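Here's the structure we're looking at; comments come further down.
Every value quoted in this text rests on a predicted model; they were computed, and no experiment measured them. Residue numbers begin at 1 in each chain, while the letters A, B, ... track the order of the sequences.
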Amino acid sequence: MSYLFNTPQQTQEMLAAIGVGSIGDLLEQIPESLRLDRELDLPAPKSELELEQHVRSLAGQNVTATRRSCFLGGGAYDHFVPAVVDEIASRGEFYTAYTPYQAEASQGSLQAFFEFQTLICQLTGMDVSNASLYEGGTAVSEAAFMAMRVTNRHDRVVVLGSVHPEFRQILHTYTDHLPCEIVEIRCPDGVADLNLVKEQLDEKTSCLVVQQPNFFGCLEDVQELSDLAHSVGALSVVSVDPISLGMLERPGNLGADIVVAEGQPLGIPLQYGGPYLGILACRNEYVRKIPGRIVSLATDRNGQRCFVLGLQTREQHIRREKATSNICTNQGLLALRATIYMSLLGADGLGQVADLCCRKAHYAAEQLTALDGVELMFAQPFFKEFVLRVGNGAERFVGAAREAGFDIGPLLTRFDTLEDPVRSEGVLVAVTECRSRDEIDALRDAVQNA
Amino acid sequence: MSYLFNTPQQTQEMLAAIGVGSIGDLLEQIPESLRLDRELDLPAPKSELELEQHVRSLAGQNVTATRRSCFLGGGAYDHFVPAVVDEIASRGEFYTAYTPYQAEASQGSLQAFFEFQTLICQLTGMDVSNASLYEGGTAVSEAAFMAMRVTNRHDRVVVLGSVHPEFRQILHTYTDHLPCEIVEIRCPDGVADLNLVKEQLDEKTSCLVVQQPNFFGCLEDVQELSDLAHSVGALSVVSVDPISLGMLERPGNLGADIVVAEGQPLGIPLQYGGPYLGILACRNEYVRKIPGRIVSLATDRNGQRCFVLGLQTREQHIRREKATSNICTNQGLLALRATIYMSLLGADGLGQVADLCCRKAHYAAEQLTALDGVELMFAQPFFKEFVLRVGNGAERFVGAAREAGFDIGPLLTRFDTLEDPVRSEGVLVAVTECRSRDEIDALRDAVQNA
Amino acid sequence: MKNEQATQLLFELSVPGRTATRWPDSDVPDRPIDDLIPSRYRAESAPSMPELTEADVVRHFVNLSTRNFSVDTHFYPLGSCTMKYNPKRHERLAGLDGLGNLHPYQREEDSQGMLQILFEMQEMLGEIAGLPAVSLQPAAGAQGEFTSLLVAAAYFRDRGEKRTKVIFPSSAHGTNPASAALAGFDCVQLDPSPTGLVDPEQLQSHLDDSTAVFMITNPNTLGLFEKDIDRIAGMVHDAGGLVYIDGANMNAILGITRPGDFGGDMMHYNVHKTFTGPHGAGGPGAGPIAVRSFLADYLPGPVVRKETAEDGTVTYRLADPPHSIGRMRSFFGNVGILLRGYFYLRTLGAQGLRAVSENAVLNANYLREKLKDILPVPQGERCMHEFVASAKKQKDERGVTAMDVAKRLLDYGFHAPTVYFPLVVAEALMIEPTETESKETLDAFSDALHAIATEDPEMLHQAPYTTPVSRPDEVAAGRKPQLTWTPCLND
Amino acid sequence: MKNEQATQLLFELSVPGRTATRWPDSDVPDRPIDDLIPSRYRAESAPSMPELTEADVVRHFVNLSTRNFSVDTHFYPLGSCTMKYNPKRHERLAGLDGLGNLHPYQREEDSQGMLQILFEMQEMLGEIAGLPAVSLQPAAGAQGEFTSLLVAAAYFRDRGEKRTKVIFPSSAHGTNPASAALAGFDCVQLDPSPTGLVDPEQLQSHLDDSTAVFMITNPNTLGLFEKDIDRIAGMVHDAGGLVYIDGANMNAILGITRPGDFGGDMMHYNVHKTFTGPHGAGGPGAGPIAVRSFLADYLPGPVVRKETAEDGTVTYRLADPPHSIGRMRSFFGNVGILLRGYFYLRTLGAQGLRAVSENAVLNANYLREKLKDILPVPQGERCMHEFVASAKKQKDERGVTAMDVAKRLLDYGFHAPTVYFPLVVAEALMIEPTETESKETLDAFSDALHAIATEDPEMLHQAPYTTPVSRPDEVAAGRKPQLTWTPCLND
Ligand SMILES: Cc1ncc(COP(=O)(O)O)c(C=O)c1O
Ligand SMILES: Cc1ncc(COP(=O)(O)O)c(C=O)c1O
């Protein structure tokens, strides 16, 4: 069952029309010596019923956010997704369309992406946004490359050690083969030490990469950091949690030149890490240096307002090796989800969600640090996520929680770029609007003696 | 949060336009003495997040066909529903539309219903079908009323005791207040005793109601029964399981005059008994006596083929007390689901499903009756469902199965119109294409010593 | 842009040998089918049904769907139908495995979550009606009417009263007389009154000891509240009859006034209207009824009862009322729709529910006001949740009918109102905006109607122009109805 | 019939004070927000975003969706994009709680079902490629290219070779050179050859010890199989370079021939194309890569490994290859799309998969044949899964361009082919029907193109006529790009 249409009889008719005797004849375009002389070694086909039974049983082996109370964070969060997001994003007209190259055949998606760009600008306080990148981590690297193009400084990128370890790893992978040096600044106190930062910034630095709230959940002084970057002519690249902008100051008001984000919190399911949504927005003057697709307003031959893919000369299909990025397929459907999510919540809803996350996280921190042997790793203001320091070892602590039906983490031991004691004794805890006081209290009781 | 649009300011503008000071002024149309002087006593409102958490916890208390291996039958079955059915039926254009009175605004639904009618006729071998009734039980009563109109005999309906007990109860409720007598014929052998039937049929009889396969899963001799009915000028009304028609002879070829069915097996989820799908099809000559909505082919002013609601003069909104039925809202969305299901499976798919049900049911019967103290209640051919006679009591037997993770039943004790030993010692077992041999073997082992 | 090919009939798309579904091989020992089922029971040939691929089916129905107007896509002010927004969360929640895949014969101890929901639904509907005893069984409003009338009949029978008459106003919905007839009653229809309200005197003249039930829709089909309802109810009660409230228009009075408080003894809800069902292009619905305590024992079974043990543990059980009229349908009811109603009520709460009706009334009156110059409303100063305007002026002055206006509205991207009902209003346009529409939409709708009022009548007689089809010839279709596809159709 | 009001911009639909969502009250002890987060971190004012109701949002986006062509609604023969049917079962299964709500940092012992799926996916992709080592991490084809080139760079680095050059034909997709540049290589583009195939001699002239990788799409962008591929691969290998196969056109050769068997050392898949992703109006995709064993240790981490204990119990673990180039992205990968690919492969099996390609090739050749009189194909006798036709004849004879033809097709209810690429074909129309289209659709498409070939050129220059908009002025839009909505837009 391969979703085929051609019946044996039609196949014959079509072959006759072509003027060959068999499909085999058509395949003679491939030199015989190269043709596979056996069947592929793949599992036997399954009917829909069998497939569903098979997949359900495998899915049942995974412990999800609905099966165990989820305090997991580290860049992906169990935020609530309103049903409208699923209902609309699952419309075939959206998810079975291709990249909107033919404007007349794609006004639906084009307008949605234009709305996405606008909403991202409203949320971040920036001037322009692209129509999405792969995800939050690669967005940081794309921003760094963009900063190099803008500043024409290709030798040095300075990144805070409080930025997500995976984001930093990606930046290394993306640049290892280039002359560019990636300078990481330790953050022993959980946030940037401005003096250390100042020391590292110089006239060769293309940008300073900051995360707000940072990987530890703590809040950085974005304005100060941006000023430092600007003082050496470098750009300020800020990676944000979009939900936090329901409460925190918009990076556009804090000197950021390029804002990137992982858009997963904006109505995108966890689905084991992807597909998520890379967001990139910047100031107007850098628009022609932006990577990725952008939708632009236009006018059609009848003078009607419409939407088209804009500034395509930046892109690989036109500019090829000179393109601002190699990205082609992006994360359109996820941008649509975020657009629906943001238009449902508006500033008011985002504010309420941010407020709930913030209050519940602080309550959780208070309850957990009331236990002996448990304290906050960093004495810094935080938003919805924080790092605990647990004397008797993180593994035991997290294990006890798990036994009792709570997932907390990730365990920081998995990130080898982190330093002790954060890595050995640190436990990351994230609290979203979905967690109740009862759950938090129960978690506290569960880890009391761990 | 009541899905409202009017903001306080707009409300004022609108009130001003109307020329009143407040909404209260508008409500003065209702005499003050009749107005409720307190708030309704209802539970507090819930946000979407709270509602979902609340409903999920309640839903979690129900044991469903995915949580426990389901051998439950008795008119509703755990058949597989292809994903396409859900995906399409959930399109807003279908499920948020009203009855297609405005043909120009409803061609989508009208055509789908026309296709439904045609598919039902192809499946049953009848000439015309309506566009749905409430469900299979009321369909039997509507067919009986229709038979009275056709034969102009209003005094007597003969129904086999092997027809679903609830269908028979409904027939009584629908006719108790009428002169019409409902004659039930005992079926101690699990199928109709033709002599008993002959005795009861007379010139006053409007119709004979037969179910195929019957409530016990057994197969009736529909042709013989139809002939008997016809021999006294009565109509033959046959209630069928649509899935069985993938294998069994079409009632249209066995003398049936009116065919009714519960359409749930055609791609409709169990959802605790409804909404399901009432099907009614008949021979051409009775078309103007049909209850409920029918879609007809038509031509528009440009000569284009289109679809409209047909023969509306039969219906309550035109004919009022003379209507062929009081039905207005029917089961449109379920008719759509059945249409999608049937168009996906075709005759071939229905044949395969019927074959699987039949083979697995017979294997299950064989395995279970191999246990001591367990035998078939009736020595009759059956399709996908059968009644076991269990010496040590049905309750214990079913209980043991449940303990081991199998739902079988319903317990026949719940149907007080059934006679012993069927009622006291009978256990109904249904087997669909979803059950595997492993499940059947495990069920057998579970009830060995029950 | 339209894909005309995909919207041919399934039967025209069929190609021999195509298949959409694949099924598992049998995993039980193979036995000759004749050993299982004698050949005389089996069909010699398979039914001739279309042969399609999965992609055929998807593209066909997805394209078909775009030939519908719907609430999700258009303003749909169909009078008496309450075409309000259907919340998407309802679809997600009703589809949860614990609700969607629950077998109707699952035992009570394994269905407690479902039974709790249904019990709470009974309670809430009783409170909103002001009538404490509820049956969730009826599949739709019409069956709710029929059920209630059977309840009334049983009640009178037990009291040894022979009451044969059901009375209703001429504006009553067709299901009222149809249900009365089905329940074996004689139908008495009141003549229309100029006010559009029931004339108590006229009613009085029909009341006697053969009067079983007076059926009344309140607010009525004109969107007017029957201001004499309590007096009317009193008259009916004095005559020994019962008052039935057709609850199709409950969207106007939720939490503002209650059928039980203005004299009703029995009523039905249309959950698919008032509690945003949705309508599904003709159903499914749910038509639960609420009645006074003295009628409770006659309700159809099963109903859900709540039992609290000494230790406080709560159990929900199914039970049949002692003098139940019996079953009206198989299984419990149209649970899927009742669930949506439950989600709606739990979302809104008392204040939210009242706000629904207040805004439904506000929107209707605002629109009524905006249209009064071109589509005046003969009856009443104000309206409740809907109003019936008349195109008579346009008909007389320029030959433009209500139908012309309705059809032309489709070109403007609005669904048409209900037309030519009730009959008491000439060239009737019955308009119900509902509370889930915006002032901007109402303004645009009004602008469209004003524009139409100035458009060329000749052009209007041919409207609509932008829909897939225009003005089907229903008369011809009725003469020799073609109700199924047959191969010869394509010759 | 179109609802123009609902498709205004969100910002134009906004009305101050409207809200769509409601959130729970805080259930934790209330504390002044200043005690939690100092005011200097907080925004003084909320962002100015649209204020809408839920029904606004639904009606807006549902109507927007109807302004798209899509595979669910239309034939979409976009060359090189493999717009095949996206099975609905994939959406249902990918949405199962156990897959859709699994946190990426859930521990391995609590993710065994997911890890098993991903492991099996690695195995299947390795077998189909004939290249055993697989990384599922790349988010799309372009990232797969970039990843593979970094793998090659690391490999050469370890061998102490300084290879700086990446070579590709002129018909290479834009991502090839862009990825090569990103990976720090110098790009060398071959000149087009009359045959449309890579000219081995020309390639030879560029090969030397600075050659790192030769990137080739096979079948190539013209839909032709590079018949000299093994000789070409041999030449590259002799020069010490590696051969990269761009797998975007794998839909033509599944189970028929394998990149690893015709000389490829590395390749990427476009799961969103070949394994029916879907495309989501621009993504998401998944671009897993498969490489030869000697490159396995360089793959990005994590990959999934299967461990079988003495007692036979199987455990799946995440591991980083020893000399991994590092991470290409956060978390594991675009799992949601990989899952759909997995469902597809488990549904088809080996024979089903081969049938996919056989029918893709059959459909393409059938359509090519039907169009040859009006849209001849300059290169090749036959084609694989797609072909590039030329409208040059029509251009020369009557001034009708490929763009005119493409736009006019929209009026006939067909999406346009890819136009003006590759550049080697004048007035190129790149047509890929895929295997999930019917002969009837191909015939209708051919009929439309024949009809267009006789239509008035003047009329065609203005096409389309039935779409919401027609011929946007992209040049003007490019001059001063308007990339966001601002209030002044509505002044
Ligand atoms: C006033 C009135 N009464 C009764 C009904 C019948 O309800 P239902 O269609 O749910 O059977 C309707 C709706 O059609 C109605 O508008
Ligand atoms: C030949 C070819 N190579 C590479 C790509 C890039 O793949 P993706 O869009 O998944 O990044 C594409 C598709 O756009 C393509 O057609």
Is any residue of residues 461-472 of chain D within less than 4.5 Å of chain C by heavy atoms, and which ones? T466(D), T467(D), P468(D)
Do you know which of K439(D), K2(D), R18(D), E4(D) has the most heavy-atom pairs under 4.5 Å to chain C? R18(D)
Counting heavy-atom pairs closer than 4.5 Å to chain C, which one of F61(D), F414(D), F75(D) comes out on top? F75(D)
Using non-hydrogen atoms and a 4.5 Å limit, figure out which bit of A444(D) sits close to chain C: side chain, backbone, both or neither. side chain
Using non-hydrogen atoms and a 4.5 Å limit, figure out which bit of T441(D) sits close to chain C: side chain, backbone, both or neither. both
Taking a cut-off of under 4.5 angstrom between non-hydrogen atoms, the residues of residues 64-74 of chain D near chain C are T66(D), R67(D), N68(D), F69(D), V71(D), D72(D), T73(D), H74(D)
With R346(C), which residues qualify under salt bridge (Lys or Arg N to Asp or Glu O under 4.0 Å), at least two apart? E120(C)
Atom CG of residue position D25(C) - does it have more than 12 heavy atoms of other residues, nucleotides or ligands inside 6.0 Å? no
May I ask you to name which of D56(C), T53(C), V62(C), N63(C) has the most heavy-atom pairs under 4.5 Å with chain D? N63(C)
Between E437(D) and chain C, with a heavy-atom cut-off of 4.5 Å, which part of the residue counts as in contact: side chain, backbone, both or neither? side chain
Between E440(D), K88(D), H415(D), which has the largest tally of heavy atom pairs under 4.5 Å with chain C? E440(D)
With sequence neighbours excluded, residues passing side-chain contact (heavy atoms from CB on, under 4.5 Å) with K370(D): Y366(D), D443(D), S446(D)
With chain D, which of D411(C), L13(C), V58(C) has the greatest number of heavy-atom pairs at distances under 4.5 Å? V58(C)
